[in-house]
Undergrad: 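Please find one structure pasted underneath; my questions will follow.
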Amino acid sequence: MILDKQIIWQRETAISLYNMAEDCIARQRDEIEAVSAIYGDEWCVIDETSRIFCICIVDQTPDPNWTANLQIHLPEDYPLRSPPVFQINAPWLRGMERQNLEDRLSDIYCENLGEDLIYLWVEAIRELLQNKAGDSLRDGCEEDGSKGTIQSTEVDDADDEFDLAVLEGEVISSLQDMAIKSGEEYECPEIFHGDTLTDRRSTFQPHLAPVFFKQQVRLVLDKLMENKKIANATHNMVAYRIVQNDKGAPRVFQGCDDDGETHAGSRMLHLLQIVNAENVVVVVSRWYGGILLGPDRFKHISNCTRSILEQHGYLAHREEKKGPRSGKKGK
């Protein structure tokens with residue numbers, strides 16, 4: 001008799017949990033649809049299967065200067081039992097100010113148990129940005145709050161033993177000196193996108209384009225940033241190598257940008273040098289998932305770089321490499 005009651009209780013519990021899970025998934029679907037309609041292009045799907053999303057939040061001044069990226073992972077039992085797992089990425093948000101904002105989001109969860117939270121959280125962050133914009137105007141200051149690189153909170157760089165001395169030749173570590181001068185015409189080459197790789201809610205994706213002039217690197221980056229999902233990545237790490245013949249002598253132009261992920265761009269460039277990849281730029285986007293990956297993140301970045309190089313023939317012999325032979329626009 002007792003055994004029968006236990007079986008009945010277990011069955012009823014399983015049915016109840018199943019119904020709750022179905023209810024949560026349905027509510028999540030409705031909430032995502034509503035949030036997407038409200039925020040439009042600001043809202044990005046990072047990994048639909050894993051229910052990871054991202055939104056870029058800005059202040060509501062005519063010339064927005066304060067920005068924060070909110071990345072959200074929805075657990076299976078949200079919203080009935082658990083809150084979303086969130087990560088706020090903003091270079092200006094540190095110390096007590098970050099703690100106060102995270103406490104505010106926790107308070108909103110406690111005040112709205114079992115309710116949809118994404119809209120409430122986004123507007124709470126926007127209110128903070130609006131207050132900061134107002135403070136800047138009142139103080140007459142020009143605060144650089146958003147235009148820089150978005151940083152993740154992954155600061156475990158003690159494991160980073162990469163030696164910059166292994167890089168061969170002159171390396172440009174800034175991508176600023178790539179402006180197209182008046183009268184010059186370059187075409188943006190076709191950009192190829194590799195498969196995504198996800199580890200502990202961090203997602204990586206490589207992009208590749210054939211380039212023959214430094215200015216084309218800038219065109220490629222500008223084109224990639226037109227994609228809201230890529231623009232909202234926590235890091236967009238870059239490496240390129242261009243080989244030009246100058247009176248029979250090869251000249252190598254190469255550079256990289258870590259975009260806040262220490263030595264990541266340098267590692268990518270080192271890989272391009274090792275495999276002797278020429279006339280190519282590789283960008284690896286990373287959307288930080290809130291869990292520290294340690295040195296594994298560099299492994300993923302290198303694997304993404306190598307895989308897209310191999311996929312498009314840049315690990316083959318020089319004559320077999322793909323891509324157009326000129327980056328200049330035809331007359």
Side-chain angles (χ1 to χ4, degrees), residues 41-42 44 46 54 56 58 67 69 89 91 144 146-152 167 170-182 184-196 203-244 252-273 277-288 301-302 304-309 311-312 314 322-324 326-329:
D41 289 342
E42 294 180 351
C44 294
I46 304 300
C54 181
C56 180
V58 301
T67 300
N69 252 24
N89 297 316
D144 183 16
S146 67
K147 306 300 183 182
T149 301
I150 296 174
Q151 302 282 349
S152 76
L167 295 177
E170 181 181 356
V171 176
I172 301 173
S173 58
S174 171
L175 302 177
Q176 301 304 315
D177 185 27
M178 293 182 177
I180 298 177
K181 299 177 181 178
S182 176
E184 289 184 335
E185 288 190 41
Y186 298 88
E187 66 175 341
C188 183
E190 183 178 2
I191 301 174
F192 303 94
H193 307 281
D195 296 331
T196 59
T203 300
F204 301 80
Q205 184 181 27
H207 322 278
L208 176 148
V211 291
F212 298 85
F213 304 92
K214 290 192 299 181
Q215 291 82 354
Q216 286 185 295
V217 176
R218 173 52 59 193
L219 292 175
V220 169
L221 296 178
D222 290 344
K223 186 66 176 179
L224 286 173
M225 292 306 111
E226 292 178 7
N227 183 308
K228 294 293 184 180
K229 178 179 176 181
I230 297 174
N232 287 336
T234 314
H235 310 285
N236 283 301
M237 298 145 285
V238 185
Y240 69 91
R241 287 189 81 231
I242 299 170
V243 180
Q244 297 178 347
V252 179
F253 300 91
Q254 56 187 359
C256 57
D257 185 21
D258 299 333
D259 196 25
E261 188 71 282
T262 306
H263 292 169
S266 303
R267 290 170 181 267
M268 293 167 59
L269 178 56
H270 186 224
L271 179 57
L272 264 59
Q273 292 177 342
E278 298 178 2
N279 301 327
V280 65
V281 58
V282 177
V283 179
V284 176
S285 302
R286 179 194 180 184
W287 294 269
Y288 180 55
I301 293 166
S302 294
C304 282
T305 303
R306 176 177 284 276
S307 67
I308 200 166
L309 286 171
Q311 182 180 354
H312 293 279
Y314 285 89
K322 302 178 181 179
S326 174
K328 289 270 190 174
K329 285 187 175 181

Undergrad: I'd like to check the side-chain contact (heavy atoms from CB on, under 4.5 Å) partners of Q244; sequence neighbours left out, ordered by chain and number.
TA: F213, I242, F253

Undergrad: Does some side-chain heavy atom of L272 sit less than 4.5 Å from a side-chain heavy atom of L309?
TA: yes

Undergrad: Which atom names give the shortest non-hydrogen contact between Q216 and P189, and what distance separates them?
TA: NE2-CD, 3.9 Å

Undergrad: About how many Å separate SG of C256 and NE2 of H263, when rounded to the nearest 0.5 Å?
TA: 9.5 Å

Undergrad: What pairs with I230 under side-chain contact (heavy atoms from CB on, under 4.5 Å), at least two apart in sequence or on another chain?
TA: H193, H207, L224, M225, N227, N236, S285

Undergrad: So do the side chains of I301 and R267 get within less than 4.5 Å of each other, counting heavy atoms only?
TA: no

Undergrad: Please check if atom CG in D222 has more than 12 non-hydrogen atoms from other residues, nucleotides or ligands closer than 6.0 Å.
TA: yes

Undergrad: Roughly how far apart are R286 CZ and D259 CG, rounded to 0.5 Å?
TA: 12.0 Å

Undergrad: Please tell me if the side chains of N69 and C56 come closer than 4.5 Å, counting only heavy atoms from C-beta onward.
TA: yes

Undergrad: Can you confirm whether D258 sits close enough to S266 that some side-chain heavy atom of one is under 4.5 Å from a side-chain heavy atom of the other?
TA: yes

Undergrad: Drop me the distance from D257's CG to L269's CG, to the nearest 0.5 angstrom.
TA: 11.5 Å

Undergrad: Can you name the closest pair of heavy atoms from S302 and L271 and give their distance?
TA: O-CD2, 3.6 Å

Undergrad: Could you measure the distance from the SG atom of C188 to the CD atom of Q215? Nearest 0.5 Å is fine.
TA: 13.0 Å

Undergrad: Starting at CG of L208, measure out to CZ of F192 and round the result to the nearest 0.5 Å.
TA: 7.5 Å

Undergrad: Between V281 and V238, is there a side-chain heavy-atom distance shorter than 4.5 Å?
TA: yes

Undergrad: What closest approach, in Å, do N232 and E42 show between heavy atoms, and which atom pair accounts for it?
TA: ND2-O, 4.0 Å

Undergrad: Within a strict 4.5 Å, meaning less than it, do heavy atoms of the W287 and K229 side chains meet?
TA: yes

Undergrad: Using side-chain heavy atoms (C-beta onward) and a distance below 4.5 Å, is Y240 in contact with V220?
TA: no

Undergrad: What is the minimum heavy-atom distance between E278 and Y314, and which atoms define it?
TA: O-CE2, 3.4 Å

Undergrad: Output yes when a side-chain donor or acceptor of R241 lies under 3.5 Å from a complementary backbone atom of A277, and no otherwise.
TA: yes

Undergrad: If you look at every heavy atom in D195 and P206, which pair is closest and at what distance?
TA: O-CD, 3.3 Å

Undergrad: For residues A239 and M268, report the shortest heavy-atom separation together with the two atoms involved.
TA: CB-CB, 3.7 Å

